[in-house]
Asks: 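Just dropping this structure here.
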Amino acid sequence: MSMIKILKIGGSVLTDKNRPACARTEEIERVTREAAASSSGLVIVHGAGSFGHIPAKKYGLPEKFDPEGLRETHTSVVRLNELVVSALSRAGADPVPVHPLSCVLLRGGRIETVCTEPISEMVKRGLVPVLHGDVAMDALRGSGIVSGDQLVSYLARALCADVVAVGTDVDGVIFNGIVLPRVTRANLSMITGSLGESTGVDVTGGMKGKLLELLDLADAGIVSEIFNARIEGRLEKALKGESVGTKVGRTD
Ligand code: IPE
């Protein structure tokens, strides 16, 4: 069995987060080409970008249970997923769409379960499951938002990932203008005040939300790397486990 690699591609890389359902087609082609170059053992989770955050905000999700908002937001992120899946397929990988609305249950905004068995089987057969930030049912609140980062953290543990690479539109975790090579819980309090907000509409917490998910993962002994996926070549290196941004790890 080859190494399991979990790749998150942020919605800010794939879309213009300020314009409704606005895909960056050339970026989608480029990042999927880089990902397809190491598709063995690969699971992709992409963000929702403006396909998800803008409709979610319009309908007051996740605070409100709104069937129409649920449907419209899901349908919109599925459209982005279709663009990513078809670009991966053109790049020579064998991608398959996996929609969290149908396989994730939340409880109080946190993932309680993901049906991971089919995902493992896909990977064993050389397919690349492509999940995404989505809306999902919540056992306490009716519905909620499942961020790609939360999915990455859950899947990395469930599938015992060897590599976890989180692509964004910045060079990593930046403190006083410098990219930190490593972040742990020990230096989190020092940097949280200076963490940048997302540059567009965002209902899932920007860089701070991302770091908190990845620190949970680090507590389970799995190191991840936050890197800039908009710079050509970094995604390919990150999937090989090379340091191209900020590592999120344990304090010891
Ligand atoms: C958010 O997903 C999902 C919805 C708003 C429906 P993400 O939090 O993973 O998306 P990005 O990466 O910030 O765009």
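Since we're looking at a predicted model, the values are computed, not measured. Order of listing sets the numbers, starting from 1, for every ligand and every atom in it. Throughout, numbering of the chain's residues begins at 1 and tracks the sequence.
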Asks: Go through Glu72 and Lys58 one step at a time and tell me if the salt bridge (charged side-chain N to carboxylate O under 4.0 Å, His left out) criterion holds.
Replies: CA-CA 10 Å; Glu72 195 178 299; Lys58 172 177 149 199; 3.1 Å; yes
Asks: Are any of the N or O atoms of Val146 closer than 3.5 Å to those of ligand 1?
Replies: no
Asks: Can a non-hydrogen atom of Gln150 be found less than 4.0 Å from any atom of ligand 1?
Replies: no
Asks: What atoms of ligand 1 come closer than 4.0 angstrom to any heavy atom of Thr73?
Replies: 6 (C)
Asks: To the nearest 0.5 angstrom, please state how far the NE2 atom of His53 sits from the NZ atom of Lys57.
Replies: 11.0 Å
Asks: Would you check, one step at a time, whether the test salt bridge (charged side-chain N to carboxylate O under 4.0 Å, His left out) holds for Arg110 with Glu213?
Replies: CA-CA 11 Å; Arg110 304 295 303 166; Glu213 297 298 347; 2.8 Å; yes
Asks: Does any N/O atom on Val135 come nearer than 3.5 Å to any N/O atom on ligand 1?
Replies: no
Asks: Taking atom SG of Cys160 and atom CG of Leu155, what is their separation to the nearest 0.5 Å?
Replies: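 Cys160 atom SG to Leu155 atom CG measures 11.5 Å (nearest 0.5 Å).
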Asks: Can you sort out which atoms of ligand 1 are near Gly148, meaning under 4.0 Å from one of its heavy atoms?
Replies: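 Checking each atom against Gly148, I get 2 (O), 7 (P), 9 (O).
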Asks: According to the ring-ring contact (aromatic ring centres under 6.0 Å, His included) rule, which pairs have a member within residues 58-100, sequence neighbours left out?
Replies: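 Sorted result for residues 58-100: His74-His99, His99-His132.
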Asks: Between Ser12 and ligand 1, is there a nitrogen or oxygen pair with a distance under 3.5 Å?
Replies: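 No; every N/O pair is 3.5 Å or more apart.
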Asks: Is the shortest distance from a heavy atom of Lys17 to ligand 1 less than 4.0 Å?
Replies: yes
Asks: What are the atoms of ligand 1, with element, lying closer than 4.0 Å to any heavy atom of Gly10?
Replies: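 So the answer, numbered in order with elements, is 12 (O).
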Asks: Tell me, please, which residues at least two apart from Asp162 pass side-chain contact (heavy atoms from CB on, under 4.5 Å).
Replies: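 Asp162 satisfies side-chain contact (heavy atoms from CB on, under 4.5 Å) with Met3, Ile4 only.
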Asks: So, taking the atom named CG in Asn176 and the one named CE in Met190, what distance separates them when rounded to the nearest 0.5 Å?
Replies: 8.0 Å
Asks: Heavy-atom pairs closer than 4.0 Å: do any link ligand 1 to the side chain of His46, the backbone, both, or neither?
Replies: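 Neither part.
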Asks: Can you list the ligand 1 atoms lying under 4.0 Å from a non-hydrogen atom of Lys8?
Replies: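 Per the distance check, 9 (O), 12 (O).
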Asks: Do the non-hydrogen side-chain atoms of Ser147 and Gln150 ever get within less than 4.5 Å of each other?
Replies: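 They are in contact (side-chain heavy atoms under 4.5 Å apart), so the answer is yes.
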Asks: Need the ligand 1 atom indices (1-based, order shown) with element for anything under 4.0 Å from a heavy-atom of Gly133.
Replies: 2 (O), 3 (C)
